[in-house]
Amino acid sequence: MFVALRDIRFARGRFALMGSVVALITTLVVFLYGLTDGLAREATSAVAGLPADRIVFGAPKGAEPEVSFSGSSVDDGQLAAWRAAPGVTSAEPFGVAMTRLTAAGKASSVSAFGASGRLLPPLLSGSAPGDGGVAVGERLARESGVRVGDRVTLGAEELTVSAITADRSHGHAPSVWTTLAAWQRAAHQQQPTALAVTGTGGPDGPAAEATEAVGADAALEGIDGYAAEHGTLQLLQGFLFVVSALVVGAFFTVWTVQRRPDVAVLKAVGASSGYLVRDALGQAAAVLLAGAALGAAAGAGGGALAAAAVPFELSAATVAVPVGAMVLLGLAGSALAVRRITSVDPLTALGASR
Amino acid sequence: MSTSSVLSLEAVKLTYPDGDRRLTALDDVCLDVAPGELVAVAGPSGSGKSSLLAVAATLLRPDAGRVVLAGRDTAGMSGRERTALRRERIGIVFQQANLLPSLTAEEQLLAVAHLRGESVRAARSRAAELLESVGLDAAKRRRRPHQLSGGERQRVNIARALSGGPSVLLVDEPTSALDHERGERVVELLAEVTRRHRTATVLVTHDRALLGVADRVLSMADGRLGEG
Ligand SMILES: Nc1ncnc2c1ncn2[C@@H]1O[C@H](COP(=O)(O)OP(=O)(O)OP(=O)(O)O)[C@@H](O)[C@H]1O
Ligand SMILES: [Mg+2]
């Protein structure tokens, strides 16, 4: 990288510009990754945290079951059939509904879960709710000033806070947990929404036709709006990667074309194409690494600050994956560009035809 | 081919595609150059002088004839072997001082050392020595091409061509961008380095006034090389 590094120093304005573009796109991508993960957590953490291998969605007799928490209900017959099915070690019914929690005159949108204590998220204080009790997530409790023993209203149902749990949420609303019976009253539902099943196998006969079991991951698709939201964000990420690879490729294409006379001279004095391509790729790597590192720092720092206001999840993966992808795709783009070096004829260095 | 020569062209013929015919740029050219010998080739524009150097530099393959460099026939060499031969054996001084704009005078020489696989640190003192010997002082060695005059650039070019310790030095119109006096001094420098470094030097020019320092003068016309 003897010539490459000196070229960067010599044309530092141009390379700084390119590095800045890489840094800005990396910032954007890191931010988008953190946001995607943060939003995904807000949409799915309650369902993803259920101790279940599969989620079973149900439909009334004759109807086609679909993977949707808002469209599913499971009746007693289906529950019994699943519990009796060979291979199934447990099948716990639970209800989910979006409703409102009013505490000390302040209302917040929540996702209300009705389930037995086995499906509850970890308790931070208090004890699992009995009938007439409710467990509230830590952040919601803090924000609405609720403590164990307080009276709150879930939908139209008055309940007593029995526990504070780890934070879970569903469809972007923080989760509260009560018994199935209290949930049915609060959400005006006759039947539980779905089953949390562990073990393998399933029932035969009519219960098999009116229920659909999917893996815990696939069940997330049943959360209203989640698939579309997550897909859109991933599409944006993909676009940014493509844009970045194209921009880097275009920059190094122009740069390579511009330095063809230099390349011809170096070849004439005995530089092999391999040497020159390595030199140029090293240069691209230096620009990409510097830009991506700067962008990652800015994205992670900005994200950490923004996390107070927006759901931003900062982790090694949300930073390392986009940075790695930026560098690799950028290198691919520049590899296509510097390939032109191999076709430069050293003969052009000779004579006046410069 | 005389036994003492390091550069030897034997009955070399070179043609370029010219519409649906071929243009003969070199026609049965023979040339032997011994170590420490400066051969000047003069001729009008378009007579084939640069073509002669391109063939000698292994940048072009002749259509017929042989090019023997340091005892090795270049005809059967692969592109890779030719590149290596240029790196190890041949110094080229270009018609225009084709220096790399991002490098200082000293770094022009270090870049060649680097691509030869030498340690840049070790090459530094030799680079300074070579530049000193062509008349560039310490301050000028740290300048980039755009901060040097045309004559100084051509001196750097000569030092760069010598930095690999070549046995053959090929020089194409080194004075075309210089006034007569500066051109003369560059040619004198070439004669001097030819003796000092014992290179087989071929100097191509259309300026006959510069030929006094040469050991031998050949003239080129329509692709044919002749005496005087
Ligand atoms: N790449 C090429 N393709 C076709 N014809 C060429 C090519 N290069 C040179 N020629 C022709 O070959 C002949 C010799 O060219 P060459 O460059 O060797 O001349 P020269 O003596 O170096 O001229 P000058 O003094 O102007 O540099 C000219 O007629 C030129 O037009
Ligand atoms: Mg010429």
Side-chain angles (χ1 to χ4, degrees), chain A residues 1-18 251-252 254-284 286-287 338-354, chain B residues 45 49-61 79-104 107-118 120 123 144-146 157 160-161 163-164 166 170-173 176-177 204:
Chain A
M1 284 231 291
F2 186 87
V3 177
L5 290 179
R6 283 158 181 84
D7 275 350
I8 292 180
R9 206 171 52 196
F10 186 64
R12 58 177 87 78
R14 259 173 291 175
F15 281 97
L17 198 65
M18 189 63 240
F251 173 82
F252 280 102
V254 173
W255 175 249
T256 306
V257 167
Q258 204 180 339
R259 62 188 289 265
R260 284 177 79 99
D262 295 353
V263 169
V265 168
L266 285 167
K267 280 190 170 183
V269 301
S272 65
S273 285
Y275 173 90
L276 293 167
V277 167
R278 278 197 303 279
D279 193 57
L281 280 181
Q283 184 177 60
V287 173
V338 305
R339 204 184 32 152
R340 288 156 194 278
I341 284 175
T342 57
S343 69
V344 173
D345 186 351
L347 184 62
T348 56
L350 207 65
S353 63
R354 217 198 132 151
Chain B
S45 186
K49 305 183 299 294
S50 294
S51 302
L52 173 74
L53 286 192
V55 168
T58 74
L59 294 172
L60 278 179
R61 269 175 213 268
R80 193 181 293 265
E81 286 173 307
R82 286 158 187 266
T83 301
L85 189 70
R86 284 201 298 278
R87 200 158 55 221
E88 304 302 332
R89 291 298 198 171
I90 304 175
I92 306 177
V93 179
F94 300 96
Q95 185 156 359
Q96 302 203 342
N98 289 1
L99 300 172
L100 303 179
S102 67
L103 305 186
T104 65
E107 286 167 347
Q108 308 284 342
L109 276 63
L110 297 181
V112 174
H114 186 262
L115 67 87
R116 288 165 54 85
E118 291 168 19
V120 168
R144 297 212 167 82
H146 68 273
N157 217 353
R160 178 173 71 180
S163 69
L170 303 170
V171 189
D172 194 6
E173 305 267 13
S176 59
V204 151

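Here is the naming used below: chain letters follow the sequence lines, and residue numbers restart at 1 for every chain.
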Between A:D7 and A:R259, does any side-chain N to carboxylate O distance fall below 4.0 Å?
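So A:D7 pairs with A:R259 through a salt bridge.
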
Check ion pair B:R89-B:E81 (N to O, under 4.0 angstrom)
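Salt bridge: no.
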
Under a 4.5 Å heavy-atom cut-off, does chain A meet the side chain of [X], its backbone, both or neither?
{"X": "B:E88", "answer": "neither"}
{"X": "B:A54", "answer": "both"}
{"X": "B:L110", "answer": "both"}
{"X": "B:R82", "answer": "neither"}
{"X": "B:A84", "answer": "neither"}
{"X": "B:V120", "answer": "side chain"}

Would you mind checking which part of A:Y275 comes under 4.5 Å of any heavy atom in chain B, side chain (CB onward), backbone (N, CA, C, O), both or neither?
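It is the side chain, since no backbone atom gets that close.
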
Does any donor atom in the side chain of A:R6 or A:Q283 lie under 3.5 Å from an acceptor atom in the other side chain?
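Their side chains do not contain a donor-acceptor pair, so the 3.5 Å distance test is not met.
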
Please determine whether the number of non-hydrogen atoms from other residues, nucleotides or ligands lying under 6.0 Å from atom CZ of B:R61 exceeds 12.
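Counting neighbours around CZ of B:R61, more than 12 heavy atoms of other residues, nucleotides or ligands fall under 6.0 Å, so yes.
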
Fit a plane to each ring of A:F10 and B:H146, take the angle between them on a 0 to 90° scale, and name the class: parallel (under 30°), tilted (30 to 60°) or perpendicular (over 60°).
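Ring orientation, 0 to 90° scale: tilted.
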
Among A:T348, A:T256, A:V344, whose side chain to side chain contact (heavy atoms under 4.5 Å, CB included) with A:V263 holds?
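Among A:T348, A:T256, A:V344, the one meeting side chain to side chain contact (heavy atoms under 4.5 Å, CB included) with A:V263 is A:V344.
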
Quick check on the interface: out of B:L85, B:T104, B:L59, who has the most heavy-atom pairs with chain A under 4.5 Å?
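Top count of heavy-atom pairs under 4.5 Å with chain A: B:L59.
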
